[in-house]
Structure formats: C-alpha cells, structure tokens
Amino acid sequence: MQTKKIFITRNIHPDAVSRLKSFAEVDIWPGETPPSEEFLKQKIAQVDGVITLLTDPLTSNVISSANPGLKVISQMAVGYDNIDIKTATEKGIPVGHTPGVLTETCADFTWALLLSLARRIHEAALEVSQGIWKPWGPDVLVGYDVYGATLGIIGFGRIGQAVARRARGFNMRILYTDPERHIDLENELNVEFCTLDEILSQSDFLSLHTYLSETTYHLINKERLAQMKKTALLINTSRGSVIDPTALEWALINKVIAGAALDVFEPEPIPAESPLLRMKNVLITPHIASASIHTRQRMAHMAVDNLIAGLEGKRLPFCANPQIYSK
Ligand code: DGY
C-alpha cells in the first residue's frame, strides 16, 4: 500500500504528530505565521489529508485545487469560518473540527478578561511594572463591581453556557440570547432568555459567544452599541468579525460604552495604528482563549483522530459538514 501523505500547517503537539508519523509521511509547515493561499493550493494538490488552523485561508480556490484523492481536512479549532465548507461539501471532502475540548478553557479565559477589565487589573499591573505605584486613594484605579451585576451572553452554545455557570458564583443576573431557546437550562442555570434588544440595553457585561456566519457578521455595529449602557463592558472571545471594528472605535472614543476586552479582532493581528491599542479601557489579547497546555494537546489529538478516520474512509468523529454522509 502506498504511504499516505499528510500536510500540517503548523507544528502541533509532538505526541499527536508521532501518531501520524507511524503510518503516514508527514510534512509540517515550519513557520509561525500561516502559509499563503498559493502555497496551500499547491500542497493540497499533493496530499491525502491536511491538518489546518483557523488562520489558514482554505478558500474555495484552494479546496478546488485539492488532489482528487484528498480524504479529509481536519481543523484544529472548534470554529471553521476560514474554510469554505460549501466547496468542501460539494467535493465530498469531510471537514473535521474540535468542539467540546476547549469549552472550559475558553470560558475561564472569558472570565479572566471580564474580571481584568472590570477591575482594571491590566492597567494597574502596567503602571506598577512602569514604576508607578500610586498611593492608595479613594479614586485610584476604581473599577466596576462584578458581583451582583447583569451579564448578557450572546450565543448560548457550549462556551456561552460554561460562562453562565461561572457567573452563578458571582450572584449575577444572567441573560442570554440564541437562535434556540434552552428552557431546561433556564431552570438549571437560572438564566433568562431575552431578545437582542433587551440584552443590549440591560447588560452590565456583554459577552459574545456566537459562531461567525452571515447573520452574525458585524452583529455588534454602531446602532447596537448605541443601545448599550454607557457603563457597559463588552467582551469578545468568539470571532473578531462579530464586531464592526470601526463602530467599536467610535463607541469607545465617544464613551458610548465604558470599555472592551477582546481576544479576537477584525483583522488579526490588530493593525498597529488602531486607536484601541492606546486606550486604557481596552484590553486586547492575541486570540489565546483556548491556549492552555492541556487543551492544546487535546485539540491536536482530536484533529489527528479526525484525520485518521478520514484517511481510513470512516465517518469523522467530529465533522463540520456531516451532510456529506447523507449524499
Ligand atoms: C477555536 O477553536 O475556534 C478558537 O477560536 C481557538 O481555539
């Protein structure tokens, strides 16, 4: 039997790579930044399977160039908005992803951002590291209380729910909006289902947990930011394009809302000239919500599980386009 050829677009956990090397020829992109669309096009034409990351442009153009024998695209992320699923599905290529394993890690990180922003921890730590320790004063670095405040969650999937579970310990009023109502969870987690308008106008903290789709693209725009409380803090660990960046700049410059903590941005990386980078009430991290040692290892293994299943012609355990199996 001919040795299978695999391409991985970044160095992933070595144990996961070893599993693949035992039966396939594995080629790994050595860079820390993603390969170009042109490079991916050439590679995908030569291999039986690829493991990709959310920064790789798996456009229709790239997928259309795939080797007719390409058995699987396995993405090491829960989100797959970088992949043209329609083209992959039309070509009968299963696309794997890694839901579930990163839920708690991402929820922890959302809370880390929320607490840092509310209590100005990032600002305070920066001042201290710069040698500025302002003496204790009634107004020094005062922030917002989290305990007892209202938390709005847009997108009540796995991560949104995990964020809500943590909020119960802070005695918060928890509001959520989602295309689907989750009546069972409303009792269990003491959460209230709301319209988007209600959640925007009532939340002290608004946390975004939606997938990026045509409906959620720039969901948070100028009009919606204007509906929020002046004291509201916005947290985004979903996808950058859920927020219109120009509208957010406008809202923060004009004090329409009080601050933002963003792990994702449109585009990534955030342009160096963005005024948001110079605002004290904005906390920006470089898309690291799932970045715990254990979770990244589990994601790599899950991506390999999907890849192996695809190469063996089996149904992927975690498939983003299961409709290909009903064809
Ligand atoms: C994902 O998996 O989609 C996150 O954005 C990164 O882990």
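The first residue in the sequence is number 1, and the count goes up from there. Indexing begins at 1, ligand by ligand and atom by atom, following the structure's order.
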Student: When I243 is tested against each of N221, N236, T216 for side-chain contact (heavy atoms from CB on, under 4.5 Å), which residue passes?
Tutor: N236

Student: Name the residues in contact with ligand 1, where contact means a heavy atom under 4.0 Å away: which are they?
Tutor: L54, A77, V78, G79, L102, R239, H287, S290, M299

Student: Assess whether a salt bridge exists between D108 and R166, defined as any Lys/Arg side-chain N lying under 4.0 Å from an Asp/Glu carboxylate O.
Tutor: yes

Student: Using a strict cut-off of less than 4.0 Å between a Lys/Arg side-chain nitrogen and an Asp/Glu carboxylate oxygen, indicate whether D81 and R239 qualify as a salt bridge.
Tutor: yes

Student: Does a side-chain N-to-carboxylate-O contact under 4.0 Å join D204 and K229?
Tutor: yes

Student: Looking at the rings of H182 and F156, which for Trp means the six-membered one, are their centres under 6.0 Å apart?
Tutor: yes

Student: Sequence neighbours left out, what passes side chain to side chain contact (heavy atoms under 4.5 Å, CB included) with V256? Give chain and number order.
Tutor: W250, A251, N254

